Amino acid sequence: MPHSVVLAQRPHGRIRSSDFAQVDVDRRPCPEGGVRARTRHLSIDPAIRGWLDDRPSYLPPVGVGEVVRSLGIAVVEESRHPGLAPGDVLRGFTGWQEEVLIEDPQRWDRLPDASTARLGVLGMTGLTAWVGMGDICAPRAGETVFVSAAAGAVGSTAVQLARLAGARVVASAGGPRKCALLTGTLGVDAVVDHRADDWADQLRDATPDGVDAVFENVGGPLMEAVLDRMNNGGRMALCGLIAGYNDVVRPPGPRNFGLLVTKRIRAEGFIVVDHADRAAQCEAELGAQVEAGRLRAFETVVEGFDNVVGTFVDSFGGDHVGKLVVSLG
């Protein structure tokens with residue numbers, strides 16, 4: 001009997017395992033024109049936290065008792081769709097469940113393989129970095145680009161795209177291990193350890209000529225400090241504000257918001273699902289960079305469906321590197 005994880009109660013503040021429940025699911029018939037698929041990999045993303053709150057957002061909140069929404073990769077086991085057969089690989093909103101019934105497969109991406117990279121650099125993660133860095137930050141050779149949470153899924157891709165554009169890259173991460181990854185493996189020019197007591201001094205020393213573009217994933221005090229360092233005519237891609245995702249009341253700010261006016265800064269928020277029509281183009285471009293060895297995929301893969309909840313809860317501790325995926329085997 002397949003299992004699902006549902007939202008047991010609305011989270012209040014920091015997410016807890018008790019906010020979820022694993023339930024048995026009776027096998028249902030394969031829908032006419034659809035498929036029954038076995039989930040292979042689940043994407044663990046900070047955005048899921050926002051979908052659990054009963055507040056306005058770009059997607060409706062997950063209802064109490066409903067399967068937790070998430071992207072995933074699934075392999076067709078039974079098909080009543082003329083264009084799909086057992087063994088075909090699909091990517092879409094599987095949710096946290098071992099088996100998924102897909103009534104409209106046309107809305108899903110058909111993949112050449114079930115690689116975890118299809119959820120990372122060759123999936124929505126890569127598209128997020130590609131849109132935010134390419135469309136909004138638009139780095140030019142010699143400019144200084146700052147990327148927060150740069151050892152994470154989107155951040156580790158964003159810093160590489162900035163480097164490919166010829167920019168000088170300054171990035172932030174938490175702890176010596178992640179900072180060493182950024183400088184030693186990804187070739188970041190300077191790094192700020194946001195867990196260090198002197199992070200503000202590190203930021204100042206790393207940006208002697210200011211900052212021209214920012215790829216913002218975190219928010220909070222570091223974002224304010226970076227805004228202070230931005231040059232006139234700078235660009236800021238607002239991808240996420242994870243620092244406040246577990247707060248009961250989202251933090252106000254930034255305190256120096258007025259700098260957007262005086263420095264003529266363009267700050268633009270974006271949601272990756274609005275750019276789904278460009279996913280094929282992005283995947284082709286980033287795939288070519290991966291194949292040529294100019295772009296690397298970083299990921300942390302956790303095995304076993306029973307570990308989905310724990311992995312999601314622990315993800316806000318910031319100890320993993322790259323794209324976080326739970327593999328069901």
Side-chain angles (χ1 to χ4, degrees), residues 39-51 58-59 69-74 89-94 96 108-109 111-137 147-164 169 171 173 178 181-182 185-186 215-218 237-242 245 269-291 294-302 308 311-312 315-316 318 320-327:
T39 305
R40 286 285 302 277
H41 308 297
L42 291 172
S43 179
I44 304 298
D45 301 295
I48 296 172
R49 176 62 184 85
W51 300 337
Y58 58 95
L59 289 176
R69 180 189 297 125
S70 76
L71 282 168
I73 293 174
V89 182
L90 301 174
R91 178 179 59 202
F93 282 108
T94 58
W96 287 356
W108 288 55
D109 301 322
L111 303 177
D113 57 64
S115 166
T116 52
R118 302 289 175 184
L119 291 175
V121 67
L122 299 181
M124 199 70 78
T125 294
L127 180 61
T128 304
W130 186 75
V131 170
M133 188 57 70
D135 291 1
I136 303 172
C137 289
V147 180
S148 60
V154 174
S156 62
T157 303
V159 296
Q160 294 180 81
L161 295 180
R163 289 192 71 245
L164 287 171
V169 181
K178 288 187 175 182
L181 167 73
L182 293 175
T185 305
L186 294 185
F215 194 104
E216 184 56 59
N217 290 304
V218 178
L238 296 170
C239 177
L241 301 171
I242 192 174
Y245 283 2
F270 71 102
I271 301 296
V272 68
V273 295
D274 295 338
H275 302 273
D277 60 325
R278 302 169 65 194
Q281 178 190 354
C282 172
E283 193 163 338
E285 289 186 13
L286 298 190
Q289 298 283 18
V290 171
E291 187 173 349
R294 292 188 291 266
L295 183 65
R296 296 186 58 173
F298 289 90
E299 62 183 15
T300 299
V301 180
V302 178
V308 170
T311 300
F312 179 62
S315 70
F316 290 93
H320 69 281
V321 172
K323 179 64 186 177
L324 187 54
V325 175
V326 172
S327 178

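None of the values given here were measured: they were computed from a predicted structure.
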[X] vs [Y] side-chain heavy atoms within contact, under 4.5 Å:
X	Y	value
R296	S156	no
Y58	D274	no
S70	T94	yes
T128	F270	yes
W130	R278	yes
T116	L119	no
E283	L127	no

As a quick check of understanding, evaluate side chain to side chain donor-acceptor pair (under 3.5 Å) for E285 and Q289, giving each step before the final call.
CA-CA 7 Å; E285 289 186 13; Q289 298 283 18; over 6 Å; no
Over all atoms of both residues, closest heavy-atom pair of [X] and [Y]:
X	Y	answer
A150	L186	O-CD1, 4.5 Å
T125	V154	CG2-N, 3.7 Å
V301	S327	CG1-CB, 3.8 Å
R49	F316	CB-CZ, 3.5 Å
A151	L182	N-CD2, 4.0 Å
D45	F312	O-CE1, 3.6 Å

Out of curiosity, [X] [atom1] to [Y] [atom2], how far, rounded to the nearest 0.5 Å?
X	Y	atom1	atom2	value
L286	T157	CG	OG1	7.5 Å
L59	F93	CG	CZ	6.0 Å
R69	L71	CZ	CG	10.0 Å
L238	F215	CG	CZ	10.0 Å
I44	H320	CD1	NE2	9.5 Å
R40	L111	CZ	CG	11.5 Å

Kindly determine whether S43 and K323 satisfy side chain to side chain donor-acceptor pair (under 3.5 Å), including the steps that lead there.
CA-CA 8 Å; S43 179; K323 179 64 186 177; 2.6 Å; yes
Donor-acceptor contact present, side-chain [X] to main-chain [Y], <3.5 Å:
X	Y	result
H41	A114	yes
D113	S115	yes
R294	L164	no
T300	V321	yes

